Amino acid sequence: ALLLQSPMVMAAETKDKPATLVPAPVSTPTPPPQYNLLLATLSGQKISQWRQINQQVGYFNQPEFSRDGSTLYYTAQQQSVSGSQMDIASYQLATGHIGLVANTELSEYSPTVLPNQQGLSAVVVEADGQQRLWQLQPDQQPKVLIPELYGVGYHAWGPQQDLLIFQLGKTEAEHQIVYRHPTGQLKVLAQNIGRGLAWQPGQPIGYFTERTKTEDPKSADRLALSWYNVSKDQLSQRQLLLPEGAQDIRWLSSKLLLTSAGNKIYSWQPAEPRWQLWLDLAPACQGSVSRFALSPDQARIAFVCQLKESL
């Protein structure tokens, strides 16, 4: 895949900011953060036999297991003589083979298994800088999924072909969480948000995060958990503070939500007042863990480690 040249360049995602367009630098840029993707065996809330998937320096992030658990998809930085771009890569767990899901001239982010369909949905940065959802499928031409939906930063599919969307605004404070009904109707739920999106298994409830002020100045703009009950059209905002530094959320089951902070993963049960330590990833990651994904049988965990010197 080759990078389209333009007067704008894609900025590597850092901490809580989605991929977005920024003016091209006029001086030599500082080295981007290093994100490594690791895969480990998970048993009894302990990891073993971990290995690093990427062998190159750069951005390797946003892991997602296939529905049968045989493949790990992720966003991979590809280098060439003309520059670099992001592509969706696939890692076969049985053989260790790595390939690209699609060979496009555009940058692709956020691989997500499509419900009730073949292939993946991904955020694609198009030639004019617009970000839309595309369908990527091996041996088929990539195509736009929802042509009228622009400014997609992140997305999560609901149980009825509905969507939670992190939609980009003109400023960070104007980024917003949008619910998209299967009919295409859009409902803005919140602004001044974090990037985490997750649907509670078996429930029509989509979870996301919002920034909130705390009494502790050291924890200013900390993220809090919010959710939207689709069947009741009920929005519950800033119900529980996330652990300090936490951004990403995933459901382990219908009764246990996980989030990463530092090099640990914490768990929360609905209606409980606090988070509990669930998994320590320090043996494999001396930096900070951001995104993570669990295989369908929960026997493996993929996680992203940002090295200390990049923090």
Side-chain angles (χ1 to χ4, degrees), residues 12-15 31-79 86-101 109-113 120 195-196 198 242-253 256-268 275-311:
E13 178 182 299
T14 57
K15 295 188 178 179
Q34 172 65 33
Y35 295 87
N36 291 329
L37 178 61
L38 292 93
L39 179 68
T41 298
L42 179 62
S43 177
Q45 292 181 226
K46 291 184 178 181
I47 59 168
S48 62
Q49 300 176 312
W50 56 84
R51 58 187 181 274
Q52 185 173 310
I53 302 302
N54 62 290
Q55 300 304 316
Q56 305 88 1
V57 174
Y59 180 89
F60 301 89
N61 211 323
Q62 302 176 326
E64 171 90 347
F65 281 95
S66 62
R67 192 171 284 109
D68 64 3
S70 66
T71 304
L72 177 66
Y73 301 107
Y74 59 98
T75 301
Q77 185 174 5
Q78 304 293 309
Q79 302 284 353
M86 305 298 173
D87 289 306
I88 303 305
S90 62
Y91 174 84
Q92 305 299 322
L93 272 68
T95 65
H97 178 265
I98 295 175
L100 294 181
V101 175
Y109 292 85
S110 302
T112 304
V113 173
L120 303 170
R195 69 187 179 212
L242 267 66
E244 189 168 359
Q247 273 271 9
D248 302 291
I249 54 175
R250 277 195 183 256
W251 287 92
L252 178 71
S253 67
L256 202 66
L257 181 67
L258 304 178
T259 189
S260 57
N263 52 15
K264 297 176 175 58
I265 293 180
Y266 296 86
S267 66
W268 172 74
W275 298 85
Q276 304 289 339
L277 178 62
W278 186 76
L279 183 65
D280 187 359
L281 294 172
C285 177
Q286 300 304 308
S288 178
V289 173
S290 56
R291 290 178 175 84
F292 60 96
L294 292 103
S295 60
D297 61 4
Q298 299 181 3
R300 289 187 173 93
I301 181 170
F303 54 98
V304 177
C305 179
Q306 184 180 351
L307 301 184
K308 274 188 176 181
E309 55 266 29
S310 299
L311 297 176

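For clarity, every value in this text was computed on a predicted model and none was experimentally measured.
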Is [Y] close to [X] at the side-chain level, that is, under 4.5 Å between some pair of heavy atoms?
{"X": "Y91", "Y": "L37", "answer": "no"}
{"X": "I88", "Y": "T75", "answer": "yes"}
{"X": "P296", "Y": "R67", "answer": "no"}
{"X": "F65", "Y": "V113", "answer": "no"}
{"X": "W278", "Y": "L256", "answer": "yes"}
{"X": "R300", "Y": "L72", "answer": "no"}

Where is the tightest heavy-atom contact between [X] and [Y], given as atom of each residue plus distance?
{"X": "C305", "Y": "G287", "value": "SG-N, 3.9 Å"}
{"X": "Q62", "Y": "S110", "value": "OE1-N, 2.7 Å"}
{"X": "W275", "Y": "L257", "value": "CZ3-O, 3.7 Å"}
{"X": "P63", "Y": "Y74", "value": "CA-CB, 4.2 Å"}
{"X": "L93", "Y": "G69", "value": "CD2-O, 3.7 Å"}
{"X": "C285", "Y": "F303", "value": "CB-CE1, 4.3 Å"}

Nearest 0.5 angstrom please: [X] [atom1] to [Y] [atom2], how far?
{"X": "I47", "Y": "L279", "atom1": "CD1", "atom2": "CG", "value": "6.0 Å"}
{"X": "L281", "Y": "I301", "atom1": "CG", "atom2": "CD1", "value": "5.5 Å"}
{"X": "L100", "Y": "S90", "atom1": "CG", "atom2": "OG", "value": "7.5 Å"}
{"X": "I53", "Y": "L39", "atom1": "CD1", "atom2": "CG", "value": "5.0 Å"}
{"X": "D280", "Y": "K46", "atom1": "CG", "atom2": "NZ", "value": "10.0 Å"}

Take atom CZ of R250 as the centre, draw a 6.0 Å sphere, and report whether it contains more than 12 heavy atoms from other residues, nucleotides or ligands.
yes
Under the 3.5 angstrom rule, does the side chain of [X] hit a backbone N or O of [Y] as a donor-acceptor pair?
{"X": "Q92", "Y": "A94", "value": "no"}
{"X": "N54", "Y": "N36", "value": "no"}
{"X": "Q247", "Y": "S290", "value": "no"}
{"X": "T259", "Y": "D248", "value": "yes"}
{"X": "S43", "Y": "T41", "value": "no"}
{"X": "E64", "Y": "Y73", "value": "no"}

Do F60 and Y35 have ring centres separated by under 6.0 Å?
no
Please step through side-chain contact (heavy atoms from CB on, under 4.5 Å) for the pair L258 and L294, ending with a clear verdict.
CA-CA 11 Å; L258 304 178; L294 292 103; 3.9 Å; yes
Does the plane of the ring in W251 sit parallel, tilted or perpendicular to the ring in W268? Use 30° and 60° as the thresholds.
tilted
Side chains of Q306 and S288: any donor to acceptor distance under 3.5 Å?
no
